[in-house]
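Report on one structure; see the data block that follows.
None of the values given here were measured: they were computed from a predicted structure. All residue numbers in this chain count up from 1 along the given sequence.
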Amino acid sequence: MDPVFGQLSFDDHEQIVFCNDKDTGLKAIIGIHNSVMGPALGGTRMFNYANEWEALNDVLRLSRGMTYKAAITGLNIGGGKAVIIGDAKTQKTPELMRKFGEFVHSLSGRYITAEDVGMETRDMDIVRDVTPYVTGISEERGGSGNPSPVTAYGVFLGMKAAVKQQFGSDSVAGKKVLVQGIGHVGETLVDYLTKEGAIVTITDINEEKLYEVAAKYGATIFAGDDLYSADVDVYAPCAMGATLNDETVKKIKAKVIAGAANNQLANENIHGAILQERRILYAPDFLINAGGIINVYAELEHYDKAEIMRKTENIYNTTLEIFDYAIKNGITTHQAALTIAQNRIDLRKIENSKK
């Protein structure tokens with residue numbers, strides 16, 4: 001099997017760029033999945049991958065997800081993503097970020113970057129020093145700032161839509177919710193849930209952060225042996241992807257899965273079908289976590305905070321529409337979301353060919 005083109009995660013990507021700079025230690029991969037709707041927009045993730053194949057697979061899966069995230073949300077942009085191989089806490093330097101920005105600039109706008117795991121707004125400001133093809137820069141520099149709060153708001157609304165579909169009311173008051181991963185997005189989601197009266201349990205690999213968030217919001221720290229078997233109503237994965245896999249998908253007791261993590265289904269078809277068979281309602285990740293891309297897209301389209309929130313609030317209605325489409329067509333919710341997104345891309349492709 002070919003090492004790149006033959007991989008399942010390749011999925012007809014348009015362009016993959018490998019970036020290497022000896023002086024700064026930069027090793028990065030930029031994936032442009034689809035530009036039918038417009039230039040590819042997607043964040044940069046810095047992570048200490050076990051090997052280069054793991055990094056490549058991650059950027060391919062993430063950039064593909066961005067294509068469908070933008071399409072399902074109604075944004076006129078394509079899907080892309082970048083990963084930098086390394087420890088963000090010890091290996092990230094201004095020089096490395098500047099060099100990465102130069103690689104982004106060399107693509108002449110085909111790829112526009114933003115922040116993701118391991119990145120901060122100040123990192124995007126450094127990238128902005130060398131290229132205009134970056135979003136999520138600080139408000140002081142005319143940007144939209146950290147997209148995490150908007151991402152969390154969209155996830156919260158998507159979760160409420162799923163709770164309404166599954167339990168009859170969209171209120172999370174009294175519902176037991178397990179939030180896995182309490183980074184920027186996860187912590188803000190805990191805030192929303194707590195304010196509406198949910199019974200929140202949290203888990204994270206960062207123990208210091210775990211105790212801090214638990215004390216701040218009155219959340220319970222998960223103390224069991226297997227979080228996937230936890231007796232909760234809602235499971236909210238907000239860390240890394242593929243937590244819904246062969247080992248976990250048959251153990252989950254939650255009736256709703258709605259979280260911020262990308263690519264939650266290790267295998268979209270197999271694990272999506274198992275959840276459907278078990279009558280566990282899955283809110284497609286690339287739909288409900290789209291608040292972040294809506295936020296940074298505002299920098300390209302020059303709309304204000306009110307419009308950002310209006311577009312994000314529409315995630316609630318779109319989520320309910322996806323559930324309805326899935327039921328009517330006898331398919332999984334993930335397949336429903338993909339189909340609707342792909343239909344929009346195909347329509348635009350036909351329109352573009354007529355120009």
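The distance from atom OG1 of Thr243 to atom CD1 of Ile252, rounded to the nearest 0.5 Å, is 7.0 Å. One finds the CD atom of Gln335 at 7.5 Å from the CD atom of Gln276 (value rounded to the nearest 0.5 Å). Atom CD1 of residue Ile315 and atom CG of residue Leu157 lie 7.0 Å apart, to the nearest 0.5 angstrom. Here the CZ-CG distance, from Arg122 to Asn146, works out to 11.0 Å after rounding to the nearest 0.5 Å. With values rounded to the nearest 0.5 angstrom, Lys195 atom NZ is found 11.5 Å from Leu193 atom CG. Here the CG-OG1 distance, from Asn314 to Thr319, works out to 9.0 Å after rounding to the nearest 0.5 Å.
Using a 3.5 Å distance cut-off with no hydrogens or angles, the side chains of Asp346 and Gln342 do pair a donor with an acceptor.
Remark: Tyr235 engages Tyr228 in a ring-ring contact (aromatic ring centres under 6.0 Å, His included) (not counting sequence neighbours). In terms of the salt bridge (Lys or Arg N to Asp or Glu O under 4.0 Å) criterion, Asp12 has no residue partners (sequence neighbours excluded). Take Lys328 and apply the salt bridge (Lys or Arg N to Asp or Glu O under 4.0 Å) test, not counting sequence neighbours, and it matches Asp324. For Tyr153, the ring-ring contact (aromatic ring centres under 6.0 Å, His included) partners are Tyr192, not counting sequence neighbours. Considering only residues two or more places apart in sequence or on other chains, Arg348 meets the salt bridge (Lys or Arg N to Asp or Glu O under 4.0 Å) condition with Glu351. The ring-ring contact (aromatic ring centres under 6.0 Å, His included) search around Phe222 returns none, not counting sequence neighbours. Not counting sequence neighbours, Tyr282 has no partner by the ring-ring contact (aromatic ring centres under 6.0 Å, His included) test. With sequence neighbours excluded, no residue satisfies salt bridge (Lys or Arg N to Asp or Glu O under 4.0 Å) with Glu277.
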Identify each donor-acceptor pair in which a side-chain atom of residues 36-43 lies under 3.5 Å from a protein atom, sequence neighbours left out, and give them as a table.
none

Can you give the donor-acceptor pairs under 3.5 Å from side chains of residues 79-89 to other protein atoms, not counting sequence neighbours?
from	atom 1	to	atom 2	distance (Å)
Lys81	NZ	Asp116	OD2	2.6
Asp87	OD1	Lys89	N	2.8

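Hydrophobic clustering (ILVMFWY, side-chain heavy atoms < 4.5 Å, transitive): Ile30 and Val296 are in one cluster. Note on Val59 and Met240: same hydrophobic cluster, where clusters join Ile, Leu, Val, Met, Phe, Trp and Tyr whose side-chain heavy atoms are under 4.5 Å apart, directly or indirectly. Under a hydrophobic-cluster definition in which Ile, Leu, Val, Met, Phe, Trp and Tyr are linked whenever side-chain heavy atoms come within less than 4.5 Å, directly or via other members, Val213 and Val155 are assigned to the same cluster. Under the 4.5 Å side-chain heavy-atom criterion for Ile, Leu, Val, Met, Phe, Trp and Tyr, Phe47 and Ile182 are members of distinct hydrophobic clusters. Cluster annotation: Val172 is not connected to Val232 through the hydrophobic network of ILVMFWY side chains, with a link wherever side-chain heavy atoms come within less than 4.5 Å.
The local environment of CD in Glu52 is sparse, with at most 12 non-hydrogen atoms from other residues, nucleotides or ligands closer than 6.0 Å. Within a 6.0 Å radius of CD in Glu313, other residues, nucleotides and ligands contribute more than 12 heavy atoms. A 6.0 Å sphere centred on CG of Asp225 holds no more than 12 heavy atoms belonging to other residues, nucleotides or ligands. In Lys250, the NZ atom is not crowded: 12 or fewer heavy atoms of neighbouring residues, nucleotides or ligands sit closer than 6.0 Å. Shown here is Phe18, whose CZ atom has more than 12 heavy atoms of other residues, nucleotides or ligands within 6.0 Å.
Contact check for Ile294 versus Tyr303: side-chain heavy atoms found under the 4.5 Å cut-off. Within the 4.5 Å cutoff, no side-chain heavy atoms of Leu189 are placed close to those of Val177. Counting heavy atoms from C-beta outward, Tyr49 and Asp58 have side chains that approach closer than 4.5 Å. Within the 4.5 Å cutoff, the side chain of Arg344 has no heavy atoms near those of the Ile340 side chain. Under the 4.5 Å side-chain criterion, counting only non-hydrogen atoms from C-beta, Asn262 is not in contact with Phe286.
Ring planes of His33 and His13: perpendicular class, angle over 60° (limits at 30 and 60°).
A salt bridge does not link Glu120 to Lys92: none of the charged nitrogens lies less than 4.0 Å from a carboxylate oxygen. Ion pairing between a basic and an acidic side chain is recognised when a charged N comes within 4.0 Å of a carboxylate O; Lys209 and Asp204 show no such pairing. A salt bridge is absent between Glu102 and Arg98; no separation between the charged side-chain nitrogens and carboxylate oxygens falls under 4.0 Å.
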Under the side chain to side chain donor-acceptor pair (under 3.5 Å) rule, what do Glu299 and Ser144 come out as? Steps first, then yes or no, please.
CA-CA 6 Å; Glu299 294 179 31; Ser144 56; 2.6 Å; yes

Given the rule in the side chain to side chain contact (heavy atoms under 4.5 Å, CB included) test, do Tyr68 and Ile345 qualify, once you have shown the distances and angles that lead to the verdict?
CA-CA 9 Å; Tyr68 296 115; Ile345 294 168; 4.1 Å; yes

Mind running side chain to side chain contact (heavy atoms under 4.5 Å, CB included) on Asp233 and Phe167 for me, showing each step along the way?
CA-CA 10 Å; Asp233 301 302; Phe167 301 111; 4.2 Å; yes

Can you check side chain to side chain contact (heavy atoms under 4.5 Å, CB included) on Phe156 and Thr188, steps first, answer last?
CA-CA 9 Å; Phe156 178 63; Thr188 308; over 6 Å; no

Verify side chain to side chain contact (heavy atoms under 4.5 Å, CB included) between Lys305 and Asn295, making sure each step is shown before the conclusion.
CA-CA 8 Å; Lys305 200 71 176 180; Asn295 189 71; 3.6 Å; yes

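Between Gly31 and Ser63 the shortest heavy-atom distance is O-CB, 3.5 Å. Heavy-atom minimum distance, Ala161 versus Leu320: O-CD2, 3.5 Å. Residues Thr73 and Ala290 come closest through the heavy atom pair OG1-CB, 3.4 Å. Of all non-hydrogen atoms in Val185 and Ala152, the two that sit nearest each other are O-CB, 3.6 Å. Between Gly291 and Val150 the shortest heavy-atom distance is O-CG1, 3.3 Å. Nearest heavy-atom pair across Leu227 and Leu178 is O-CD2, 3.5 Å.
Through direct or relayed side-chain contacts under 4.5 Å between Ile, Leu, Val, Met, Phe, Trp and Tyr, Val117 connects to no other residue.
Judged by distance alone, with hydrogens and angles left aside, the side-chain atoms of Gln264 form no donor-acceptor pair with the main-chain N or O of Asp285 at under 3.5 Å. Using modelled atom types, one side-chain atom of His271 and one backbone atom of Asp246 make a donor-acceptor pair closer than 3.5 Å. For the pair Glu14 (side chain) and Ser35 (backbone), a donor-acceptor distance under 3.5 Å is present.
The salt bridge (Lys or Arg N to Asp or Glu O under 4.0 Å) analysis of residues 133-161, with sequence neighbours excluded, yields the pairs Asp129-Arg141, Lys160-Asp170, Lys160-Glu196.
Residue Leu96 forms a side-chain contact (heavy atoms from CB on, under 4.5 Å) with just one option from Asp21, Leu26, Asp123, Asp23, and that option is Leu26.
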